[in-house]
Amino acid sequence: MLLSGFCLLSLRDEDIFTYIKKINLSKTKTYLSNSLWTFKTKVATPLKELLQTRKASQEKIPTPAIELDLIEPQIEEESQEEIEQSPPLPIPQILPKEETLSLPKILENTGFREEDIEIQEYFISQPKASKKHHIGFAEQDEIQPKKSPNPFSREELLALSSSHISSSAELLQKIRQDDCKNQPTQSTQQAPRPLSPKKTQQSQPSQIPTPKEMPKILQSTPLDKPKINQEIENIQEESYQEDRIDEFLQEQIWEEESVSEAQEMSEEREKKESFEEVQEEREEIVSSLEIRESDEEELPPTMPKDFEEQSPQELHTLSIQSAPKKYSSAFDLPPQIPQTRTSKVSSLAENEALLSEIDKGEREIPKDYALPPLSLLSPAPQQENTELNEEEIDEKIESLLEKLAVFKIDGDVTRTYSGPIITTLEFRPAPNVKVSRIQSLENDIAMALEAKSIRIQAPIPGKNVVGIEIPNTTIQTIYLREIFESEIFKNSSSPLTLALGKDVVGNPFVTDLKKLPHLLIAGTTGSGKSVGVNAMILSLLYRNSPDDLKLMMVDPKMVEFMPYTDLPHLITPIITDPKKAVIGLANAVREMERRYTLMSQSRTKEIVSYNQKAEELGLEKFPYFVIIIDELADLMMTAGKEVEYSMARIAQMGRASGMHLIVATQSPRAEVLTGLIKTNLPAHLSYKVGTKIDASIIGCAGAETLLGRGDMLFTPPGVSGLVRLHAPWSSEDEVNEIVSYIKDQREVMYNPLFSPEEKESLGAMDSEELDSESAELIARAKDEILQSGKTSISYIQRRLGVGFNKASDIMEKLEQMGFVSAPNSKGAREILGD
Ligand SMILES: Nc1ncnc2c1ncn2[C@@H]1O[C@H](COP(=O)(O)OP(=O)(O)OP(=O)(O)O)[C@@H](O)[C@H]1O
C-alpha cells in the first residue's frame, strides 16, 4: 500500500493520550504505525471533536480556522494481501493551500495559541521518491523525549506509531528554528542530519560520510572514482535495508512487534533516508565531478550550494512546499524499472548435475534377440522454433518488473532461458523482499504477463533468485525418438534408463529407475500420464530382451496398456481386476523373498553380482522385474491395507533384487497416497494436477499450474528441488509397431506362479511344506486367533513375539490355508476355519 502525505497536528499530550486510550488501539492491529488514513479516522477526527467541544466549554481555545479535509477511511480491516494489492490511494488534501507550514502560519490558520501546542506528531509514509523531502523538516535527531507522567510511555507510543513523537517543547523549538529566516549561520549548522545521536555515532565506524563530510572526501580525491564508487556502493548496500523497514512497518499493522524493534526500525528508517539523501547528493557531485573531469578543471574549493549554502529554513520550506507535488508526481509517474541484465543460457547446471549421476558405458546387447530399431519411431519433424525471441523476452521482463514495482518489490531479472514449452525469468529480489510475497502475487503476475498460468519457484533451490516460468506462445511437441537418439540416453549403461523428456531449456533428460528405485506418478485426467508411462515402457523395451526384463502391468481402466497385450516381456497377462492385482502384488512379494533367499545362499547382495555368479555357475539369472500400475486408487479402494503392505515390502526390499515399481494415479489424495506409500516411493513425478493440495500431497508444489500435455515436475530422491520436464510423445501406431516387432521374435511365456488365477497352486502354501519353525508359529497363531477371536497382524505380532513382517506373512499363509478371510476394505479378517 502506498500512502503519501504527512499530517501535522498541534495538540496537548493528554488529549492524544486520552484519545489513544479511548479508541483502544491495540499494538497488534493498529494502522497508526503506517496509515495516515487510519490515523485521521481514529485520532484526528476525535481530536478535532474534542477541540470543538472544548471551544464550546472554554472560550480560551478558538475553533481551528483550518478544516482538516479528512478523507473517509477506505480501508479498515483489510487483509494484508488486500492492502498490498490496493492501488495507491489519492493523496489526502490536508495541507493548507499555501503549502507552507511555519509556526506563525499554523497559529494564524488554526487559531491556536502558542501555548496550546503541546505535541507535534508526524505520520509519514510515502513512496521512496519523496522521502528526502521530509528529512529537512522532520529531522528530530537531537531531540530527546522528556519523561511523561501519563500511562503511555514513549516506547509504547513508538510501538503504536512509526512516526516520531517528540516532546512538545523541543519540537516547538525546532519549528521556531526553522521559522527563523534571518539566521543563516545557525541554519547552516543545522543542515539536514536526520540521524539520532546514537545512530550518528554508530555510523562513524562504517565510514559513511555525512553530506557535509562527503564533499571533503571528494575534494581530497577529486578524481578518485573507484573510491567514490566504493562509497556509493557502501551506501547502496545500506539502502537495501530501507525496504525491509517499509515491510516491517507494513507487517506491524498485523503483527505484534516488540517496542524496541519498532524503535530500532524507526531509527533505521531515518538512517536510510539519510543515506538515500546522501547518495542522491553524492551522485550529483559525482556527475559534477565527471563534468569537471572532462573539462579538466579542478574542484571548487567550496561545498556545493545544496549542502553548504542552503539554510535549514530554505530546506524546510522547500520540503514542505514541494512535498505534495512530489507525492502527486510519484503516483502519476510509472514505477521506475531497474536496468536489467539478461543473458541466455543453453543448459542448466542443476540438471547437468543430475544427469552426471547417470552411469555411462557400454550396454550388454542381447545375443539371440534384436532390440527394436529406432526407425520404428517417427523422426521429429522440422518444428518451428517456439522459443521467445529477445524482444518478446524484454517485453515480458518489462511487464514483470513494472508489476512488481507496483507492489513495491524491488529487484532485477538476472537471467532468462527459453525452451520448447516455457520461458523462465530469474528474478533476483532486493535482499529485504520476502519471497513469499512474490509467490502470493502469482495471479497478478500472470495477468501482467498475459500468461494462461505461470509457475513461481520462490526461490529456485540453492539460488538467490526466484524463477518465474511463463508458457511460450506456441509449444513444441517432443518426440520420443529425439530422446532415444540423444547422447545421454545412448551413453547411459543402465538397462532401466527411462527417457523422461526434455528440460526447460530443451535438453534431453533421462533417469535411471535402478537408482530411484521406484516411481510414484500423479496427474489429472488428460495431463499426459499414459503417454509419459508409455515412453517409460518403450525405454525399457528398447534396452531389454524378454529374458532380461519381466513386466507386470496392472490396468484397472483396461485400455491404457491394451497395445502391450501378449508382449513377451509380460510375466502375467495384463491385470485389469483390482482384486487380482492385489494377488499379483502378493505374488511379486513372494518372488522378491525367493530372490533374497537365493541371493543369501549364493552370498551375493544384489542382482548384478548374483547374475554374475549365476552365469558362472550356470544357474538361472534374475531378470529385472518392473511392476507398472496405471491407477493405484482402484487398488486402494479394493484392498487398501493389502496393497499398501505389498507395495511397501517391494519398495523397501525390491531394489537389491531387481524389482521396481512404477505407480500412477489420477487422484493424489491422502487415502490413495498414504504416508507409507509416499515414504517408500521417494521419487515423485507429477503431471498437471487439479489442486494445490493434490500437488502438495505428491510433493510437487506448483504442479497445479502445469500446462498439461506432458508438462511435468520431477523430484528425484535426495534432491530438494523440482525439475520441470516435458514428456515425449509417441503415437499408438508406434507402440503397436514396436510390440509386433518384439512379438515376431518371441512367444509370450507367462509364469503360472505369478498368475493371480494360479494362486492356490503356488508352492509353500500348506503348513506341511513349511519349515518346522514356521509350522509351529502358524499353529500357535491359529490357537491365539481361536482363543481371542482377534485376527489383526499386530495382535499376532504381540502374542507370538515376532516382527511385523513375520506376523504379516503368517496371516497371509493362514489366509491361503483358508483359516481366515482376506481383509475387507478396513483391513479386518473373519475366522473361517478351525
Ligand atoms: N507428451 C505429450 N506431447 C504432446 N501431447 C501430449 C503429450 N502427453 C499427452 N498429450 C496429449 O494429451 C492427451 C491426454 O494424454 P494422456 O492420455 O496421457 O492423459 P492421461 O493423464 O493418461 O489421462 P487419463 O488419466 O484420463 O488416461 C493425449 O491424447 C495427447 O493428445
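Throughout, residue positions are numbered sequentially from 1 according to the sequence presented. All ligand and atom numbering here is 1-based and tracks the order in the structure. All values below were derived from every heavy atom in this structure, side-chain atoms included, with hydrogens, water molecules and symmetry-related copies excluded.
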Peer 1: Under the salt bridge (Lys or Arg N to Asp or Glu O under 4.0 Å) rule, what pairs show up with a residue in residues 519-538, not counting sequence neighbours?
Peer 2: none

Peer 1: Please collect all ring-ring contact (aromatic ring centres under 6.0 Å, His included) contacts where either partner lies in residues 677-725, sequence neighbours excluded, each pair once.
Peer 2: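 Passing the test, one end in residues 677-725: no pairs.
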
Peer 1: Write out the protein residues near ligand 1, meaning a non-hydrogen atom under 4.0 Å from one of its atoms, in order of chain and number.
Peer 2: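 Those residues closer than 4.0 Å to ligand 1 by some heavy atom are T524, T525, G526, S527, G528, K529, S530, V531, K557, E560, Q666, R709, G710, A727, P728, W729.
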
Peer 1: I'd like to know whether E560 forms a side-chain hydrogen bond (donor to acceptor under 3.5 Å, both in side chains) with S530, so could you lay out the CA-CA distance, the side-chain angles of the two residues, the decisive distance to 0.1 Å, and finally the verdict.
Peer 2: CA-CA 7 Å; E560 298 298 350; S530 305; 3.0 Å; yes

Peer 1: Compute whether any side-chain donor of one residue and acceptor of the other, for E469 and T423, lie under 3.5 angstrom apart.
Peer 2: no

Peer 1: Closer than 4.0 angstrom, basic N to acidic O: yes or no for R649 and E593?
Peer 2: yes

Peer 1: Just grab all the ring-ring contact (aromatic ring centres under 6.0 Å, His included) pairs involving residues 513-534, residues at least two apart or on different chains.
Peer 2: H518-H660

